[in-house]
Each structure stands twice: as C-alpha cells, then as structure tokens.
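As structure tokens, the structure follows; a few thoughts come after it.
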2 protein chains.
Amino acid sequence: MDDRPHVTLEDVAREAQVSLATASRALNGTTKVRSDLRERVLAAANQLAYTPNAHAQALAGGAHRTVGVICHDVSDPYFAGISRGVMRAADEAGLLVMLASTFRDPQKEIAYISMLRAQRASAILLVGSGFEDREWERALAAEIEPYQRGGGQVAVVSRHRTLRVDSVQPENRDGAAELARTLTAQGHRRFAVLAGPRALTTVVDRLRGFRDGLTEAGVELAESHIVEAAFTRDGGYAAMSELLARGLDATCVFAVTDVMAMGALAALRESGRSVPEDVSLAGFDDIPVVRDLAPPLTTVALPLEELGEKVMELAVRDNRGKRSRILRMPGTVVVRESTIPPAGS
Amino acid sequence: MDDRPHVTLEDVAREAQVSLATASRALNGTTKVRSDLRERVLAAANQLAYTPNAHAQALAGGAHRTVGVICHDVSDPYFAGISRGVMRAADEAGLLVMLASTFRDPQKEIAYISMLRAQRASAILLVGSGFEDREWERALAAEIEPYQRGGGQVAVVSRHRTLRVDSVQPENRDGAAELARTLTAQGHRRFAVLAGPRALTTVVDRLRGFRDGLTEAGVELAESHIVEAAFTRDGGYAAMSELLARGLDATCVFAVTDVMAMGALAALRESGRSVPEDVSLAGFDDIPVVRDLAPPLTTVALPLEELGEKVMELAVRDNRGKRSRILRMPGTVVVRESTIPPAGS
DNA sequence: GCGCTTTCTGAATGCGCTTTCACGCTAGGA
DNA sequence: TCCTAGCGTGAAAGCGCATTCAGAAAGCGC
C-alpha cells in the first residue's frame with residue numbers, strides 16, 4: 001500500500017539523536033532510560049507522528065494483540081448481541097477484534113480460520129452452532145489443531161462435538177424444555193414447530209429439549225408438525241406460510257429462534273390470524289426487539305452480551321495443558337403477551 | 001503467544017529439499033518453478049500444516065490485506081446493516097475486516113484508528129456520523145492525515161466536515177424534507193421531533209431537512225417540540241415519555257432514527273395511546289425490523305447494505321492524487337401504517 | 001586516588017518472509 | 001563448435017522492531 005515510506009523507529013532515533021535501541025526502550029518503557037533522552041525521543045515521535053509497525057513488533061517477538069471472531073452473520077441480532085459482549089471484553093483486555101461473517105458457508109469459515117492463523121491471532125472465537133457434518137468437522141479440526149499446537153487459543157459459543165476447545169454453551173435443551181413446560185401448563189396440547197436446518201446443533205438441541213418438555217406433559221409432537229426452513233426472518237415467514245397452507249392444526253407455534261418468530265408473526269398477521277387470540281407464538285433467544293413487537297414475544301432469554309464476554313474471557317485466560325472447559329449458560333423463560341391459554345381451555 | 005515455534009517457510013524448504021526462495025516462489029506462484037519441485041514444496045507445506053506468517057509477509061513488502069471498520073455500535077441494526085455490506089464487499093476483494101465499536105466514545109475512536117494505523121491496515125472505514133466538535137476534529141485529523149500520507153485509504157459513511165476523505169453520504173436532509181412533505185400532505189400540522197444528540201451531524205441534517213420540508217408547507221416547528229435524547233431505543237423511549245409528560249401537542253411524531261422510534265412506540269403504547277389512530281409516528285433508516293412492528297413504521301429507507309458496499313469500494317479503489325469523492329445515496333420515503341391523516345381532517 | 005559494582009547506552013542479531021542479484025544450465029543461431 | 005539468450009535456481013539483503021551483549025559512564029568504599 002505504501003507510497004511514501006512510513007516513519008520508522010530509526011527516523012525517530014535519528015531525530016532524537018539517540019540510538020535505535022534507546023528509542024525503542026524509551027517508547028516501550030521496558031528499561032530505564034535517562035529522562036532527558038526519553039523526553040527527546042517522545043518529542044521526536046510525537047512530532048513525526050510515529051506509529052510503531054505492529055507487524056514488525058509481532059515479528060520481533062512482541063505480543064500479538066488481536067483476536068478473531070467468526071460468526072454466521074453480524075447483522076443477525078443474536079450475533080450482534082454476542083459480538084457486543086466480545087468487543088466490550090476485548091476492549092478491556094486491550095485486544096483488537098477482527099470480526100468476520102461466514103454467511104453460513106462452511107468453506108468460508110475454514111478460510112477465515114486460515115487467515116486468522118496467518119495473522120497469528122492470539123485467539124480465535126467461533127460463535128454459533130456447529131454443523132453436524134463429519135467432513136466439515138474434519139476440515140475444521142485440520143485448521144484448529146495446528147493452531148492450538150502453535151499456542152493459539154480457541155473458544156466457541158455453542159456446541160462443537162469433536163473439537164477440543166473451551167466453550168460457552170447456552171442451555172438450549174433445558175431452555176426449550178422449560179418453555180414447553182410453561183406452554184403446556186398454559187393448557188396447550190397441539191403444537192407446531194418452526195425449525196432451522198437440522199444440520200445445526202442448536203436446532204437439534206432446542207428441538208429435542210422442546211420435545212422432552214412436551215413428553216413430560218404427555219404431549220406428543222408429530223414430525224409433520226415440524227417445518228424446517230432457513231434460520232432467518234424470511235425463513236420463519238416461509239415456514240409459517242407453509243404450515244398455514246397445510247391447514248394449521250395447533251394452538252401454539254414455537255419458532256426455534258426469535259428472528260424466525262418475527263417472520264412467523266408477519267405471516268400470521270397477513271393470513272388474518274391474530275396472536276395470541278387465534279394462535280400463541282413463542283421464540284428463543286430474547287433478542288432486544290422482541291419486546292417491542294405486537295404482541296411482545298414469549299421467549300427463552302439468553303444473556304447474549306454475557307455469552308460474548310464469557311467466551312472472550314475463556315480465550316484470554318491461559319489454559320495450557322488444562323483440559324477444555326465448558327461454561328453452561330442457562331436460559332430463562334420470559335412469558336410475554338404472545339402466549340395465552342388456548343381458546344377452548 | 002507462542003509455546004512451540006511455528007512451522008516456517010524454512011522448515012518447508014528443508015523438507016522439500018529446495019531453497020527458501022524456491023519454496024516461497026512455489027507457494028506464491030509469482031515465478032515459474034519446475035513442476036516437480038513445486039509439487040514437492042506443496043506436499044511438504046501441506047504435510048507440515050504450514051501457514052505463512054502474515055506479519056512477516058506484510059513486513060517483507062507483501063500487500064496488506066486488512067481493512068479496519070470503526071462504527072458506533074455493531075449491535076445497532078443500522079450499523080449491522082452497513083457492516084454486512086462492508087463485509088460482503090471485503091470478502092469479494094479478498095480482504096480481512098477488523099470491526100470495532102466505539103460505543104460513541106470519541107476517545108475510543110481515536111485509539112482504534114491508531115491501532116489500525118499500527119496494523120498498517122490498507123484502509124480505514126469510519127461508519128457513522130461525525131461529531132460537530134472542533135477539538136475532536138483536530139485530534140481525528142492528526143491520526144488520519146499521517147495515515148493518508150503513508151498511503152492509507154480512508155473512507156467514511158456520513159458527513160465529516162473537515163476531513164479530506166472519500167465519503168458515502170446518505171441524503172439525510174433531502175430524505176427528511178421529503179418525509180415532512182409526505183406528512184404535511186397527509187394533513188398533519190402539529191409535529192414533535194425526537195432527536196439524537198445535536199453534536200452528531202446526522203441529527204443536525206435530518207432536523208434541518210425536516211424543518212425545511214415543513215416550512216414549504218407553511219408549518220413551523222417550535223424548538224420546544226424537539227426533544228433531545230440518546231441515539232438508542234431507550235433514548236427514544238425517554239424522549240417520548242418526556243413529551244407525553246409535557247402534554248403532547250402534536251398529531252405526528254418524527255423520530256430521527258427507527259431505533260428511537262421503536263422506543264417511542266413502546267412509550268406511546270404504555271401511555272395508552274394507539275398509533276396511528278391517536279398519533280402518527282415516523283422514523284428514519286428503514287432497518288429491517290420496523291416492517292414487523294405493529295403498526296409497521298413509516299420511515300425513510302436507506303439502502304444500508306449498499307452504503308456498506310459502496311464505502312468499501314471507495315476505499316479499495318485507488319485514488320492517489322485525485323480529490324476526495326462524495327457518493328450521495330438518496331433515501332426513499334416508505335409510507336406504512338404508522339402514519340395516517342390526523343383525526344380532525 | 002584506585003578498583004569495584006551498578007546504570008545506562010549503542011551496535012548487532014534475528015524474527016519469517018519477499019525480492020533482487022548473480023549464476024548455472026539448456027536451447028537456438030551463427 | 002562457440003556464443004548469446006533465456007529460464008530456473010540459490011544466496012543474500014532488508015522490511016521495522018525487540019532484545020542481547022558488551023562497553024562506557026557513573027557511583028561507591030577503601
């Protein structure tokens with residue numbers, strides 16, 4: 001990129017009429033430097049608008065001050081919330097964050113890890129569900145393991161089955177089970193579920209938990225009442241529309257994600273049904289906007305920012321030789337106005 | 001961070017029994033290398049899980065493949081949308097994105113620029129309104145100018161008065177004026193405005209544009225009908241609450257941001273007023289969620305992702321010596337259900 | 001005043017890589 | 001057959017910095 005050469009430490013040293021070594025020491029404060037020399041160096045650096053070259057510092061053995069964060073999509077409120085926590089924590093630790101979105105392309109995820117490896121990032125954070133796919137897991141491990149062997153820290157949010165890494169895990173299963181209990185307690189017996197791709201562990205867990213919770217109340221969830229769609233607002237819309245086209249036979253719909261629930265809400269409204277009078281609707285995650293929907297959404301609250309902070313802490317804390325840690329983060333069912341007892345109860 | 005040393009190019013060369021130079025050339029494909037040697041090098045690199053050290057590459061004169069993006073808050077849907085565009089464009093250009101949130105702290109903005117400068121990022125993108133503050137502008141220029149002199153590219157979204165940089169500028173003023181015209185055409189005469197901090201150029205522009213539009217219709221906006229608050233959902237809530245406490249004397253409320261409008265909507269609902277029957281409400285930005293509010297929000301649509309893509313393109317395109325470019329992006333008024341003619345018309 | 005330790009400074013080394021530079025080799029024209 | 005291109009290769013320089021090592025200056029007791 002360079003046109004004109006950058007101001008280097010050598011320029012500063014020359015300007016201050018000291019040796020390069022002294023200039024380095026004066027700027028970093030690693031060793032005592034005679035105060036008048038230090039003043040001269042600082043003044044020269046300031047005057048020349050000197051900025052140390054981080055690449056050279058890194059190469060010469062200085063610490064690497066950057067962490068990489070890889071998520072599916074920053075513009076998804078779920079990841080935005082987590083990112084916020086990560087950045088806050090990184091900021092406190094004086095770390096620089098490199099954030100990348102894979103847009104749910106496993107290839108891209110691998111590519112980004114490779115780039116971060118090249119950057120010698122001090123830590124890599126994988127945020128978001130893993131895919132249940134052997135091939136992908138192998139490819140991922142092939143990038144991650146050499147990185148860890150080289151001293152790199154890796155931490156993830158959500159479940160990765162095969163990776164030996166620290167992780168923060170939302171209690172998706174328990175949260176969904178608790179939600180199911182709450183809804184059956186309200187009197188619901190006929191449910192439909194709007195699911196994301198089953199290749200994602202998050203989806204599998206929430207589905208399993210929800211089913212578990214229903215089973216406790218003696219309610220069964222027919223496979224035909226589960227519609228799979230993309231993990232987005234439009235995915236939720238599409239899934240709900242399909243369900244309606246099939247002739248919705250449920251008093252309560254559970255969308256495995258708040259974002260999907262928003263799409264579902266729109267589809268329901270357009271079909272002339274009102275929530276919660278005609279159908280109850282519940283989501284998962286408690287992203288900030290759902291309390292502003294009409295009606296405000298019943299959901300399972302996950303402490304998103306805290307998830308981000310925790311995963312950052314895991315990655316920063318030194319864990320050489322120790323076995324991988326798992327931090328479980330419970331969700332809390334928040335009942336709002338989108339779910340009420342069904343009409344006939 | 002390193003425990004064990006990393007695999008270096010030298011290791012690869014030794015393994016492949018070629019010189020270091022040959023190994024480098026084989027991996028980069030810069031020069032012809034005898035095919036059997038190239039095969040040996042590639043095999044060795046693969047076997048040793050070699051990843052080039054990006055710092056060394058950068059230092060040795062290779063291109064710098066990272067761009068820095070600085071915004072106020074990634075978790076704000078406005079910035080999330082723009083970030084999405086930036087990342088998409090960066091991805092196509094093979095660039096790595098470093099994303100930082102300042103949480104609206106000017107100090108932090110300066111600090112991040114300095115860090116990016118140290119990283120020798122090939123471009124720095126400033127996303128979000130500038131502050132109208134002399135002191136801050138000076139400090140910013142002191143970081144930006146040496147960076148540009150060193151060949152760094154800088155581009156911004158939104159207005160920065162004093163910086164000589166390429167910029168993408170939403171037509172805040174025109175958009176707000178058009179919105180005012182639309183609303184007066186609906187019959188509104190008494191308005192209130194929920195504004196963000198006046199130190200932000202975005203706020204100033206939208207306010208001015210809105211006022212201009214009203215003036216055209218012969219409507220005046222009393223200063224007392226403008227409430228200033230934080231640029232967030234809760235800021236909007238607080239501002240609206242204050243307005244209500246004062247005794248709202250308006251048939252239509254304009255929140256300078258959709259995010260603030262969401263807070264306002266909540267405050268109105270809690271006060272027992274319904275939108276749009278009792279009060280009309282309009283926002284600005286057209287963040288994705290507003291169409292899912294009840295009622296869907298009338299707003300000025302900005303092509304957020306495109307803003308991000310464009311600013312990235314500006315930063316990537318070479319503009320040495322050329323004067324700074326300005327790309328104006330018009331907004332479009334989208335009338336939804338949150339605004340209707342006032343009761344008495 | 002001398003020898004000794006204690007500070008501080010400057011020259012030099014190396015981090016891992018790209019890129020000249022110069023050389024050895026083969027191929028083609030005289 | 002010899003000479004000149006032309007191609008591929010390896011040795012070496014250098015990117016900007018932190019750091020080691022050795023030496024100069026300064027402080028101390030005798």
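For clarity, every value in this text was computed on a predicted model and none was experimentally measured.
With sequence neighbours excluded, the residues that form a side-chain hydrogen bond (donor to acceptor under 3.5 Å, both in side chains) with B/S167 are B/Q169. Residues that satisfy the side-chain hydrogen bond (donor to acceptor under 3.5 Å, both in side chains) test with A/E309, not counting sequence neighbours, are absent from this structure. Residues passing the side chain to side chain contact (heavy atoms under 4.5 Å, CB included) test with B/T31 are B/R25, sequence neighbours excluded. With sequence neighbours excluded, the residues that form a side-chain hydrogen bond (donor to acceptor under 3.5 Å, both in side chains) with A/T202 are A/S129. Under the side-chain hydrogen bond (donor to acceptor under 3.5 Å, both in side chains) criterion, A/E137 pairs with A/R134, A/R161, sequence neighbours left out. Scanning for side chain to side chain contact (heavy atoms under 4.5 Å, CB included) contacts around A/L48 gives A/V7, A/D11, A/V12, A/E15, with sequence neighbours left out. For the ring pair (Phe, Tyr, Trp, His ring centres under 6.0 Å) test, residues two or more places apart in sequence or in another chain that qualify with A/F79 are A/H72.
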Which protein N or O atoms sit under 3.5 Å from an N or O of nucleotides 10-15 of chain D?
{"from": "D/dG10", "atom 1": "OP2", "to": "B/S19", "atom 2": "N", "distance (Å)": "3.3"}
{"from": "D/dG10", "atom 1": "OP2", "to": "B/S19", "atom 2": "OG", "distance (Å)": "3.2"}
{"from": "D/dG10", "atom 1": "OP2", "to": "B/T22", "atom 2": "OG1", "distance (Å)": "2.4"}
{"from": "D/dG10", "atom 1": "N7", "to": "B/R25", "atom 2": "NH2", "distance (Å)": "2.8"}
{"from": "D/dG10", "atom 1": "O6", "to": "B/R25", "atom 2": "NH1", "distance (Å)": "3.4"}
{"from": "D/dG10", "atom 1": "O6", "to": "B/R25", "atom 2": "NH2", "distance (Å)": "3.3"}
{"from": "D/dC15", "atom 1": "O2", "to": "B/L59", "atom 2": "O", "distance (Å)": "3.2"}
{"from": "D/dC15", "atom 1": "O2", "to": "B/A60", "atom 2": "N", "distance (Å)": "3.4"}

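Atom-to-atom, NE2 of B/H55 to P of C/dT18 comes out at 14 Å; the value is rounded to the nearest Å. One atom, CG of A/L9, and another, C1' of D/dT19, lie 13 Å apart when rounded to the nearest Å. Between the P atom of D/dC17 and the CG atom of A/L27 lies a distance of 9 Å, rounded to the nearest Å. A/R34 places its CZ atom 11 Å from the P atom of D/dA25, with the value rounded to the nearest Å. Between B/K32 atom NZ and D/dG8 atom C1' there is a gap of 11 Å when expressed in whole angstrom units. Rounded to whole Å, the distance from CZ on A/R38 to P on C/dT7 is 16 Å. Note: CD (B/Q57) to P (C/dC15) measures 17 Å, nearest angstrom. Atom CG in A/N28 sits roughly 9 Å away from atom C1' in D/dC17 (whole-Å rounding).
Contact check on A/D73 versus B/R84 returns a salt bridge, with a Lys/Arg side-chain nitrogen under 4.0 Å from an Asp/Glu carboxylate oxygen.
Remark: side-chain polar atoms of B/Q148 are paired, donor with acceptor, to backbone N or O of B/R164 under 3.5 angstrom.
Comparing the start and finish of the helix from C/dG1-D/dC30 to C/dA30-D/dT1, five pairs each, the helix axis swings through 50°, to the nearest 10 degrees.
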